[in-house]
There are 2 protein chains.
Amino acid sequence: MATIKDVAEYSGVSVATVSRAVNNSGYVHEDTRKKIDAAIKALNYRPNETARSLYNKKSKIIGLLLPDISNPFFTLVARGVEDAALQRGYHIIIGNSDQNVEKESRYIETFKVNNCAGFISSTLQMIDASQYISNLGMAHVTLDRTDDTSFAVEADHYKGGRLQATHLVEQGCRRLLVVYGNQKFSSFKKRFEGARDALGEFDVEFDAVELASDEIDESLMTQLADYDGLICYNDLVAIQLLGLLQRYGQRVPDDIQVVGYDDILISSHTYPSLTTIHQPAYRLGRIACDQLIALLNDEKIDRYMSIDVHLIARESTRSEKHE
Amino acid sequence: MATIKDVAEYSGVSVATVSRAVNNSGYVHEDTRKKIDAAIKALNYRPNETARSLYNKKSKIIGLLLPDISNPFFTLVARGVEDAALQRGYHIIIGNSDQNVEKESRYIETFKVNNCAGFISSTLQMIDASQYISNLGMAHVTLDRTDDTSFAVEADHYKGGRLQATHLVEQGCRRLLVVYGNQKFSSFKKRFEGARDALGEFDVEFDAVELASDEIDESLMTQLADYDGLICYNDLVAIQLLGLLQRYGQRVPDDIQVVGYDDILISSHTYPSLTTIHQPAYRLGRIACDQLIALLNDEKIDRYMSIDVHLIARESTRSEKHE
DNA sequence: GTGAAAGCGCTAACAT
DNA sequence: ATGTTAGCGCTTTCAC
């Protein structure tokens with residue numbers, strides 16, 4: 001691979017001039033610029049980013065720390081981040097924390113020692129996370145799962161929860177089960193609170209149960225039979241429940257209605273298709289990335305951004321008009 | 001962030017000695033090692049990987065070029081690669097090519113200028129790809145979508161195709177539709193060939209049609225009604241078709257049986273759950289990564305590895321025993 | 001066993 | 001407008 005020195009020799013100027021030409025910094029005569037461009041093309045020169053980032057103490061790489069990329073929601077977030085990054089000349093390195101504090105800090109360390117410009121995370125479980133990060137001196141934006149101290153971008157989960165509940169009540173449900181996720185995550189917590197508050201206002205009876213996606217099996221059926229509506233904290237769980245219910249002869253939405261959360265791609269393809277809350281995962285990723293880059297450029301950004309969500313009515317609830 | 005120089009001063013030795021201690025290269029007295037370890041701990045020193053990779057001309061980062069991480073299959077592959085990499089002290093930077101030649105080469109270039117140790121790809125559409133890569137002097141392993149010139153790891157798609165066809169015929173199908181994917185990808189090509197050959201041997205009638213996942217809508221129903229079995233080139237398509245069929249009153253598996261390919265997570269949760277070919281996506285990723293790292297360590301590896309696949313019988317076909 | 005010094009490829013003073 | 005040079009943090013000869 002050709003280096004800047006090769007280009008300098010080939011075009012008969014110094015490396016400083018080449019550097020100036022490449023970076024459009026400082027003066028460089030039109031004629032010499034032409035010579036340099038020719039040399040670059042002839043030698044197929046590309047600046048070595050490692051050397052650049054060693055000097056600058058910042059690379060053009062953004063870290064992205066996700067709980068688990070196997071979840072289609074985060075996969076879309078990642079695409080959003082990547083596309084936004086690419087547009088501005090950055091690249092991303094992805095890490096899965098698996099909700100594991102040790103992996104988390106290992107990744108943050110990795111980002112640091114690789115001179116990442118900053119990172120986006122949606123999973124900080126570390127205590128004193130923001131303290132730790134600011135010590136590291138890295139730019140940081142929090143996504144979807146928020147704490148109160150960092151820059152944050154998230155969907156309006158409280159509203160999402162309210163929408164789930166409201167829709168089901170409007171479609172006639174009177175005996176609901178709210179299936180909620182791990183409450184230590186702000187996103188799940190707010191969804192639950194939204195649903196709970198709305199249900200309270202409607203004065204509709206409901207039970208609530210925490211359910212991890214790997215805990216779903218036939219043993220649930222006895223409970224499920226009691227309800228005429230299910231509010232699920234994400235689509236993955238909703239789809240599993242949908243399968244389970246049908247396998248045991250329950251008709252959806254006639255016997256029981258189901259609403260999910262996320263609007264992952266598959267949710268519109270199942271039968272019945274899933275009524276759900278659409279969160280703009282891709283857009284969330286883009287925005288978080290744009291925010292981070294703004295931060296890197298010392299632009300002022302909002303400390304907190306809330307992104308709107310809306311309900312998409314499909315076949316798993318009784319609403320007339322489907323999309 | 002503390003540098004090697006800080007550690008050297010703190011422990012009263014030279015940077016060279018610290019470097020030797022950190023890397024376990026060359027001699028360093030037990031006592032001085034102790035002092036250095038203490039200094040490292042006190043200063044919370046971590047070697048700057050950028051500086052290392054500038055010197056070594058190789059970073060501890062592996063590039064991973066995927067067609068689209070939104071596809072759950074590739075998502076699992078990525079997890080496999082990541083986990084394997086992590087175990088050996090590497091990290092990954094992921095790029096989505098979106099089947100786009102330009103993005104492809106941009107990413108490969110990115111890998112190069114960031115001193116990536118090597119990369120894994122499952123999507124090279126560039127002409128002369130292997131030529132181009134070997135010019136770059138990067139280690140490279142091809143995954144799932146193979147050409148003949150690189151090191152390659154892939155599942156046995158021909159067998160997978162045969163299994164799909166054989167199963168459907170055994171379950172009584174006599175009029176099949178093979179829904180196949182873009183034949184320029186070896187993986188889809190081999191699946192189709194396997195199914196076609198098996199069907200030929202059984203002397204069973206079939207039609208074949210190429211179908212992208214965004215081309216699926218009601219207009220297909222007139223065609224679909226003619227068949228008693230559907231062989232799909234992946235689960236995503238199979239699930240969409242499953243939904244479509246049911247929405248139009250076809251009973252699966254009574255009227256028509258469906259078999260998918262990939263065994264993504266969701267396939268066991270739909271109703272009816274999907275009979276499919278299990279490809280070990282995670283393991284594929286791990287193996288590809290292990291191969292690449294072996295390559296980097298100048299170990300001898302097989303030029304081509306074929307990984308076994310098997311059929312998982314579920315509710316979308318008539319087999320008695322489900323998993 | 002340890003240290004001095006060169007150099008990986010680049011950028012940014014500073015001098016000219 | 002261009003060149004010289006120091007230095008980013010590290011590893012590795014090569015002396016001692």
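Throughout, a chain's letter reflects where its sequence line sits, starting with A, and its residues are numbered from 1.
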Does anything in residues 23-48 of chain B pair up under ring-ring contact (aromatic ring centres under 6.0 Å, His included), and if so which pairs, sequence neighbours excluded?
-> none
Does Thr32(A) make a side-chain N or O approach to OP1 or OP2 of dA1(D) shorter than 4.0 Å?
-> no
Salt-bridge test for Glu30(A) and Arg33(A): reply yes if a basic N is under 4.0 Å from a carboxylate O, no otherwise.
-> no
Rounded to whole angstroms, how far apart are NZ on Lys60(B) and P on dC10(D)?
-> 16 Å
Give one of base, sugar-phosphate or nothing for Ser19(B), where a contact means two heavy atoms less than 4.0 Å apart.
-> base
For the pair made of CD in Glu49(B) and C1' in dC8(C), what is the distance, rounded to whole Å?
-> 15 Å
Measure the shortest side-chain to side-chain distance between Ile293(B) and Ile62(B) over non-hydrogen atoms and say whether it is less than 4.5 angstrom.
-> yes
Respond yes when some side-chain nitrogen or oxygen of Asn48(A) is under 4.0 Å from OP1 or OP2 of dC8(C), and no when none is.
-> no
Once you round it to whole Å, what is the distance between P of dT12(D) and CD1 of Ile4(B)?
-> 11 Å
Pairwise 5' ranking along DNA chain C for Leu54(B) and Glu30(B), keeping only the more 5' one | Glu30(B)
Which nucleotide in dC10(D), dG9(C), dG1(C) has an atom nearest any side-chain atom of Tyr27(B) = dG1(C)
Ionic contact status for Arg88(A) with Asp290(A), cut-off 4.0 Å = yes
Using the ring-ring contact (aromatic ring centres under 6.0 Å, His included) rule, collect all pairs that involve residues 54-100 of chain A, keeping only residues at least two apart or in two chains.
-> His91(A)-Tyr107(B)
side-chain N/O Lys57(A) vs dG9(D) OP1/OP2, d < 4.0 Å | yes
Protein-nucleotide distance (Lys58(A), atom NZ; dG9(D), atom C1'), rounded to Å | 15 Å
Closest approach of Ser70(A) and Thr75(B), non-hydrogen atoms and distance?
-> CA-CG2, 3.5 Å
Measure the distance from CZ on Arg46(B) to P on dC10(D) and round it to the nearest whole Å.
-> 12 Å
Give one of base, sugar-phosphate or nothing for Ser53(A), where a contact means two heavy atoms less than 4.0 Å apart.
-> nothing
Do any side-chain nitrogens or oxygens of Arg52(B) fall under 4.0 Å of OP1 or OP2 in dG9(D)?
-> no
In whole angstroms, the gap separating P of dG9(C) from CG of Asn115(A) amounts to 18 Å
Nearest-nucleotide pick for Ala51(A), side chain only, options being dG9(D), dC8(C), dC10(C) | dC10(C)
Can you tell me the distance, in whole Å, between the NZ atom of Lys35(A) and the C1' atom of dT2(D)?
-> 11 Å
Filtered N/O pairs between nucleotides 3-6 of chain D and protein, under 3.5 Å:
| residue | atom | partner | partner atom | Å |
| --- | --- | --- | --- | --- |
| dG3(D) | OP2 | Ser14(A) | N | 2.7 |
| dG3(D) | OP2 | Ser14(A) | OG | 3.2 |
| dG3(D) | OP2 | Thr17(A) | OG1 | 2.8 |
| dG3(D) | N7 | Arg20(A) | NH2 | 2.8 |
| dG3(D) | O6 | Arg20(A) | NH2 | 2.7 |

Assess whether atom NZ of Lys189(B) is packed by more than 12 heavy atoms of other residues, nucleotides or ligands within 6.0 Å.
-> no
Run the salt-bridge test on Asp308(B) and Arg283(B) with the 4.0 Å N-O cut-off and return the result as yes or no.
-> no
Shortest side-chain distance from Asn56(A), nucleotide among dG9(C), dA12(C), dC10(D) | dA12(C)
Nearest whole angstrom, please: distance from the P of dA5(C) to the NZ of Lys5(B).
-> 14 Å
